[in-house]
Amino acid sequence: TATASATHVAPIPTVMPDTPIEQFVGDAGSRTLWVVFVLMLLASAGFTALSWRIPVSKRLYHVITTVITLTAALSYFAMATGHGVSVHKIYVRHQHDHVPDTTEVIHRQVFWARYVDWSITTPLLILDLGLLAGMNGAHITMAIIADLIMVLTGLFAAYGSEGTPQKWGWYTIACIAYIFVIWHLALNGGSAASAKGQKLRSFFVAIGGYTLLLWTAYPIVWGFADGSRKVGVDGEIIAYAVLDVLAKGVFGAWLLFTHRSMAETDVEVGGFWANGLNREG
Ligand code: RET
């Protein structure tokens with residue numbers, strides 16, 4: 001039986017339901033996935049157009065930001081067409097005093113494509129912010145590695161078994177990694193930004209604070225969706241859709257438009273990153 005094969009469930013008699021509770025995508029979720037796919041494509045086209053008359057030496061944010069929305073478009077295309085998703089089988093054991101224990105069986109779709117997307121796009125968002133602040137390579141690298149640990153352990157948490165340390169254990173580890181990311185961006189990013197002047201610092205604080213608010217909503221959505229499953233698959237799709245549009249699309253537009261008018265935002269890394277291949281710009 002399913003109970004016996006799941007090693008974490010003690011072999012005590014339990015009543016299993018005939019049919020599992022199914023938590024699957026519905027019409028609203030499906031439509032939302034297509035809408036965000038189109039929005040991310042439009043954003044990618046818009047960001048590409050914005051770089052048109054910008055010299056190559058000043059295009060690094062355009063390149064990074066366009067790759068962010070393009071990656072999101074690909075992942076939303078996958079999810080909208082039913083790729084990048086698998087059904088997670090969840091067994092929740094309920095103990096009773098006088099009757100045999102019962103096991104609740106839930107089949108819930110987990111869109112792992114999100115985590116592939118995040119493992120590409122969140123490091124790039126950190127790179128955008130790190131370059132903006134003028135952080136050094138060591139601090140940017142550490143923030144990106146902590147971020148990758150956050151996303152990958154978050155993926156493990158999403159497939160963790162109920163009633164074992166897997167799920168909330170991985171979730172806790174992911175949250176600690178997330179605190180590292182914020183720590184690096186706020187402290188090292190903050191002091192690096194100050195060195196570039198008051199104007200740049202104010203912009204960094206504004207766009208960094210905006211990012212902090214949005215990013216912090218992701219683990220909260222996760223807690224209600226994959227975590228406690230109080231929110232269904234459609235609710236989860238819609239919540240992440242709003243966050244993704246704000247954290248990638250609106251973020252990118254804000255950064256690129258500000259970069260046009262604020263010379264302090266120029267990337268100071270030098271070498272091939274900024275101007276090694278094309279010095280006439
Ligand atoms: C998870 C669950 C585990 C705990 C934490 C999480 C954080 C996720 C974040 C995602 C940000 C995504 C963005 C996407 C695109 O723009 C993995 C949900 C802390 C912060 C910004």
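Note that these values count all heavy atoms, side chains included, but never hydrogens, waters or copies made by symmetry. Atoms within a ligand are numbered from 1 in the order they appear, just like the ligands themselves.
Those atoms of ligand 1 with a heavy atom of Lys248 less than 4.0 angstrom away are 14 (C), 15 (C), 16 (O). Counting the atoms of ligand 1 from 1 in the order shown, those under 4.0 Å from a heavy atom of Asp244 are 14 (C), 15 (C).
Contacts with ligand 1 closer than 4.0 Å are made by side-chain heavy atoms of Thr122 only, the backbone lying farther away.
Scanning the protein for heavy atoms near atom 21 (C) of ligand 1, the closest one is Trp215 NE1, 3.3 Å. When only non-hydrogen protein atoms are considered, atom 6 (C) of ligand 1 lies nearest to Pro219 CB, 4.1 Å. Residue, atom and distance of the protein heavy atom nearest to atom 3 (C) of ligand 1 are Ala174 CB, 3.5 Å.
A salt bridge is absent between Arg229 and Glu104: the closest approach of a Lys/Arg side-chain nitrogen to an acidic carboxylate oxygen does not fall below 4.0 angstrom.
The aromatic rings of Trp34 and Phe37 lie perpendicular to each other, with more than 60° between the two planes, well past the 30° mark. The aromatic rings of Phe180 and His184 sit tilted, their planes meeting at an angle between 30° and 60°. Classification of the His259-His62 ring pair by plane angle, with boundaries at 30° and 60°, yields tilted.
Evaluation of the salt bridge (charged side-chain N to carboxylate O under 4.0 Å, His left out) rule for Asp234 yields no partner, not counting sequence neighbours.
Within the 4.0 Å heavy-atom cutoff, Leu125 counts among the residues contacting ligand 1.
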Using distance only, find each side-chain donor-acceptor pair of residues 142-153 under 3.5 Å and give its atom names and separation, not counting sequence neighbours.
residue	atom	partner	partner atom	Å
Asp147	OD1	Thr122	OG1	3.2
Asp147	OD2	Thr122	OG1	2.6
Thr153	OG1	Ile149	O	2.6
Thr153	OG1	Met150	O	3.3

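By heavy-atom distance, the residue among Tyr218, Tyr171, Phe251 lying nearest atom 11 (C) of ligand 1 is Tyr218.
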